[in-house]
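See structure below.
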Amino acid sequence: MNIYEIDKNFQPPSGVPAEEIEWFNCAEEPFTLYGGMRDEKGYCRIPRDIAKTVSEGVEFLNEHTAGLRFRFKTNSPYIGLAVKWNNHGKMYHMASTGSSGFDLYSVDNGIHSFKTVLAPFELDPKEGYSTFKYLNISKNETYKEGKVTDYIMNFPLYNSVTEVYVGLKKGSVLEKGGEYTHSIPAVFYGSSITQGGCASRPGTSYEGFLSRALDMDYINLGFSGNGKGEKEIVDYMKNLKMSMFISDYDHNAPTLEHLKETHYKMYENIRTVNPDLPYVMISKPDFCNSSDWGRRETIMETYAKALANGDKNVYFVDGAGIFNGIEAGDCTVDGTHPTDLGFYKMSEAFYPVIKLILSKKD
């Protein structure tokens, strides 16, 4: 008995014979996972026992697969995707292609190119979905041996994922994917904006833009509404192997007093293990009223104090000037969460700083 006969998620698309498809579990070789981990319960971003000690919110959001990617090479003319999950991240202000979909990029000599998005067609798929997209040829052409291509597939930003399978034309090449030019990941910590709300696709979070522009690995530790600089999460992050640390949790500090209490303290804690690690901090990009000045000044105080203490590896990105110009109103969905344009502008603000850091490591 074939798996598509007992599991509807594996049914092939119209016009593709079922016997032509071979399915592969992405938790197994030759697929390479980036940005997170997988255990017996599914995919997550940090160890579950750590997440549980931080807060209920972080424990729940840890299963959201923002920043996870897998990489592989194939010459299949199409790609199928079958996904299983525990919950569907459906929101009124975010496209399901971003919250629950996967998107696919090819990589050629460090140049990343968008290929397709694979997302659910149903409005509320309770347990997962399956879909297919043609890549190298149109579905009306006869199959020709395609070029073996390096692919990166991004996981959903606001959805749990327990299992992922890729379907390829039987007999196609399937090999281990390439490596990032900058293989030690940058770690981004922060709020829903850091997590990727409300990008239209996983690849259009600001970390996605930066990763492709710089051919750089990264870890997304944005926890929507729950990036509060708690000691438990900071103690975990400071021990990660990383090329740089980016602090972006301004939005989730519930009060100015909380930000003042935690911001410099987090910097100090990271420094106890990483005295020379490039440390980047940003103030909120949707800077719009006088109440934001105190938050911006608090972050600038951390930066100034670090400089005064002789830190030569600390950087400040001023969020106040990011959403500007005639299109400023189009940079968010709801006044806070960025559109793809907003995320692109954020990536542009980060780009010269992160490029400079990486150039010093080359």
Side-chain angles (χ1 to χ4, degrees), residues 12-16 20-26 30-35 65-83 95-121 129-157 159 161 164-181 196 199-218 220 340-341 343-344 347:
S14 175
V16 176
E20 183 183 293
I21 301 166
E22 189 170 2
W23 288 95
F24 301 89
N25 187 339
C26 295
F31 297 95
T32 304
L33 179 67
Y34 293 90
T65 52
L68 270 68
R69 291 143 282 140
F70 60 82
R71 193 162 181 168
F72 62 100
K73 291 180 181 179
T74 188
N75 64 342
S76 178
Y78 54 74
I79 184 167
L81 189 70
V83 184
S96 64
T97 47
S99 63
S100 304
F102 290 68
D103 58 5
L104 187 72
Y105 286 80
S106 63
V107 186
D108 186 8
N109 291 321
I111 304 300
H112 299 235
S113 302
F114 173 68
K115 301 302 292 185
T116 191
V117 62
L118 298 111
F121 289 102
Y129 68 96
S130 65
T131 186
F132 272 74
K133 290 291 179 70
Y134 285 83
L135 297 173
N136 298 331
I137 61 173
S138 74
K139 63 182 179 180
N140 296 319
E141 293 180 32
T142 302
Y143 173 67
K144 301 173 184 176
E145 189 71 22
K147 175 186 176 182
V148 176
T149 302
D150 190 7
Y151 292 109
I152 295 176
M153 185 170 283
N154 295 295
F155 277 64
L157 296 167
N159 219 112
V161 176
V164 187
Y165 297 85
V166 161
L168 305 174
K169 181 178 175 65
K170 192 170 290 185
S172 297
V173 171
L174 177 60
E175 300 174 345
K176 179 180 173 65
E179 300 287 340
Y180 286 98
T181 300
S200 68
R201 294 189 282 103
T204 54
S205 66
Y206 76 77
E207 300 95 333
F209 282 120
L210 288 166
S211 176
R212 292 190 299 278
L214 295 163
D215 199 30
M216 173 190 75
D217 191 13
Y218 69 95
N220 184 331
D340 291 354
L341 174 62
F343 278 124
Y344 180 71
S347 74

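Residue indices begin at 1 and follow the sequence shown.
- Across all their heavy atoms, K170 and I21 have their closest contact at CE-O, 4.0 Å.
- By the 4.5 Å heavy-atom criterion applied to side chains, L174 and F31 are counted as neighbours.
- Side-chain atoms of F132 and L118, non-hydrogen and from C-beta on, never get closer than 4.5 Å to each other.
- For the atom pair CD (E175) and OG1 (T149), the distance works out to 11.0 Å, reported to the nearest 0.5 Å.
- In terms of modelled atom types and a separation under 3.5 Å, the side chain of K133 and the main chain of V117 share a donor-acceptor contact.
- Geometrically, R212 does not engage F114 in a cation-pi contact, judged by NZ or CZ lying under 6.0 Å from the ring centre and within 45° of the ring axis.
- Judged purely by atom type and a 3.5 angstrom limit, T65 uses its side chain to pair as donor or acceptor with the backbone of P156.
- Remark: side-chain polar atoms of S113 are not paired, donor with acceptor, to backbone N or O of S106 under 3.5 angstrom.
- Residues L157 and A199 approach most closely at CD1-CB, 3.8 Å, considering heavy atoms.
- Remark: D217 does not engage R71 in a salt bridge, criterion side-chain N to carboxylate O under 4.0 Å.
- Taking CG of L168 as the reference point, atom OH of Y78 lies at 8.0 Å (rounded to 0.5 Å).
- Using a 4.5 Å cut-off on side-chain heavy atoms (C-beta onward), V148 and T74 make no contact.
- Taking the six-membered ring where tryptophan is involved, the planes of Y151 and F72 are tilted, since the angle between them lies from 30° to 60°.
- Atoms OG and CG, from S211 and N220 in turn, are 11.0 Å apart once rounded to the nearest 0.5 Å.
- Proximity of K169 to S76: side-chain heavy atoms (C-beta onward) are separated by under 4.5 Å at one or more points.
- Side chain of D103 to backbone of R201: no donor-acceptor contact under 3.5 angstrom is found.
- The CG atom of D340 sits 9.5 Å away from atom OG of S205, with the distance rounded to the nearest 0.5 Å.
- Listed for the S347 side chain is a donor-acceptor partner under 3.5 Å among the backbone atoms of Y344.
- Atoms CD1 and OG1, from I79 and T131 in turn, are 10.5 Å apart once rounded to the nearest 0.5 Å.
- Not one N or O on the side chain of Y165 forms a donor-acceptor pair closer than 3.5 Å with the backbone of G80.
- Residues meeting the ring pair (Phe, Tyr, Trp, His ring centres under 6.0 Å) test with F24, sequence neighbours left out: none.
- Under the 30°/60° scheme for interplanar angles, the aromatic rings of F155 and F102 are found to be tilted.
- Between the NE2 atom in H112 and the OH atom in Y180 there is a gap of 6.5 Å [rounded to 0.5 Å].
- For the pair N154 (side chain) and P202 (backbone), a donor-acceptor distance under 3.5 Å is absent.
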Next on the checklist: Could you go through M153 and L104, starting from their C-alpha distance and side-chain angles, then the distance that decides it, and tell me whether this counts as side chain to side chain contact (heavy atoms under 4.5 Å, CB included)?
Outcome noted: CA-CA 4 Å; M153 185 170 283; L104 187 72; 3.6 Å; yes
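- Side-chain contact between F70 and V164 is present, with at least one heavy-atom pair separated by less than 4.5 Å.
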